[in-house]
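Taking it in order: structure first as structure tokens, then the write-up.
Per chain, numbering begins at 1; letters A, B, ... match sequence-line order.
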Amino acid sequence: MSNLLGIDMIGIDLRNSTSNSAQENVILRMDKKYPISDYFPYLIVSDNIRSLDSKTDLFQIDPFQGKDTIKHKAKKGLGIEISIAPARKLDAPLVARWLKELKSIYIFCQSYDCQFILSSGATSINEMISARSFESILNIVGIAPGTYWRKISEWIYAKTKARWQYVKS
Amino acid sequence: MLNHRDKRRYVAIMYDENAKDRPFQVNEKIGIRFKELFGVFQMQSAMLKIYDSDFGNIMIIGCKLKYLDYFLVSLVLGEPSLTVVSISGTLKKLRKNVSQMGFRNIKNNRS
């Protein structure tokens, strides 16, 4: 499926994983470290500011909540993720505001050395989003897609490099 | 006078075959979202058009290249959820790309 979407690597929620063996283009998303993480590359994901700690790799943020909630806890290298799925249900003025907030979170990430991540938030195949569609959203809000992909690749590589070597050995 | 023709892009879109909307209804919904987000003038200029598709739950929509980003944003930020599986400059090439993708396997692996 990742080839179809033009994306090299896909993050899958631990609960939705059906495979028993590590695959090079899949990263498991989990709320804490589980034993399965010894065999898979993984990211610790949180959407609760209270559970955000040094082990958290990725923090899911609602653009309408604003960045103030994480200003004090944002550390260098933290991934800040925005899901597209909830925006589908918004009416047009709110979508416009959502896009505006997207840009401001991107600027926030740049100034705090965090990694801006736009994700589909998909729960089924039909909700998945292709790389070209991500690029269209980035273009509309004024983010260079090339820079975005380069930075996210570097970030994922840094986050999973050691784990990949461990998994492969 | 220059005989100039705007470039178009043809987009193969995967939709949920169990959803109640037919492809032409989905196309209408994309058009409405496009209009809401970018305006009537941009929507008319984009010249969205639905084409015949022989690939089950894949529909094909054509759009002017200049407005492709607007079209894809309308598609992604609207209901129902749709997935772009291929984009091409010609219908022939798009159909060839889609036929090589083996969609039956993806449709059956929904769990």
Quick check for you: to the nearest 0.5 Å, what is the distance between A/Ser133 atom OG and B/Ile87 atom CD1?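 Reported to 0.5 Å precision, the distance equals 6.5 Å.
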Between atom CG of B/Asn57 and atom CD1 of A/Ile125, what is the distance when rounded to the nearest 0.5 Å? 10.0 Å
Should we count [atom1] of [X] as having more than 12 external heavy atoms under 6.0 Å?
X        : atom1 : result
B/Asp52  : CG    : no
B/Arg22  : CZ    : no
B/Lys96  : NZ    : no
A/Phe116 : CZ    : yes

So for B/Leu77, is it side chain, backbone, both, or neither that comes closer than 4.5 Å to the heavy atoms of chain A?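 Interface part for B/Leu77: both.
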Same apolar cluster: B/Ile13 and B/Ile32, side chain cutoff 4.5 Å: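 Hydrophobic grouping puts B/Ile13 apart from B/Ile32.
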Are B/Met47 and B/Ile50 co-members of a hydrophobic cluster defined by side-chain heavy atoms under 4.5 Å apart? no
If you look at every heavy atom in B/Leu68 and A/Ser136, which pair is closest and at what distance?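 Heavy-atom minimum between the residues: O-OG, 4.5 Å.
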Top contributor to chain B contacts, counting heavy-atom pairs under 4.5 Å, from A/Ile129, A/Leu99, A/Ile140: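 Top count of heavy-atom pairs under 4.5 Å with chain B: A/Ile140.
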Below 4.0 angstrom, N of the basic side chain to O of the carboxylate: do B/Arg33 and A/Asp91 qualify? no
Side chain proximity check, B/Asp69 to A/Arg132, heavy atoms < 4.5 angstrom: yes
Any donor-acceptor pair under 3.5 Å from A/Arg88 side chain to B/Val76 backbone: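 Yes: the side chain of A/Arg88 pairs with the backbone of B/Val76.
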Between B/Thr83 (side chain only) and A/Asn126 (backbone N and O only), is there a donor and an acceptor less than 3.5 Å apart?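 The answer is yes, because a donor-acceptor pair under 3.5 Å joins these two groups.
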May I ask you to name which of B/Val11, B/Leu82, B/Leu72 has the most heavy-atom pairs under 4.5 Å with chain A? B/Leu72
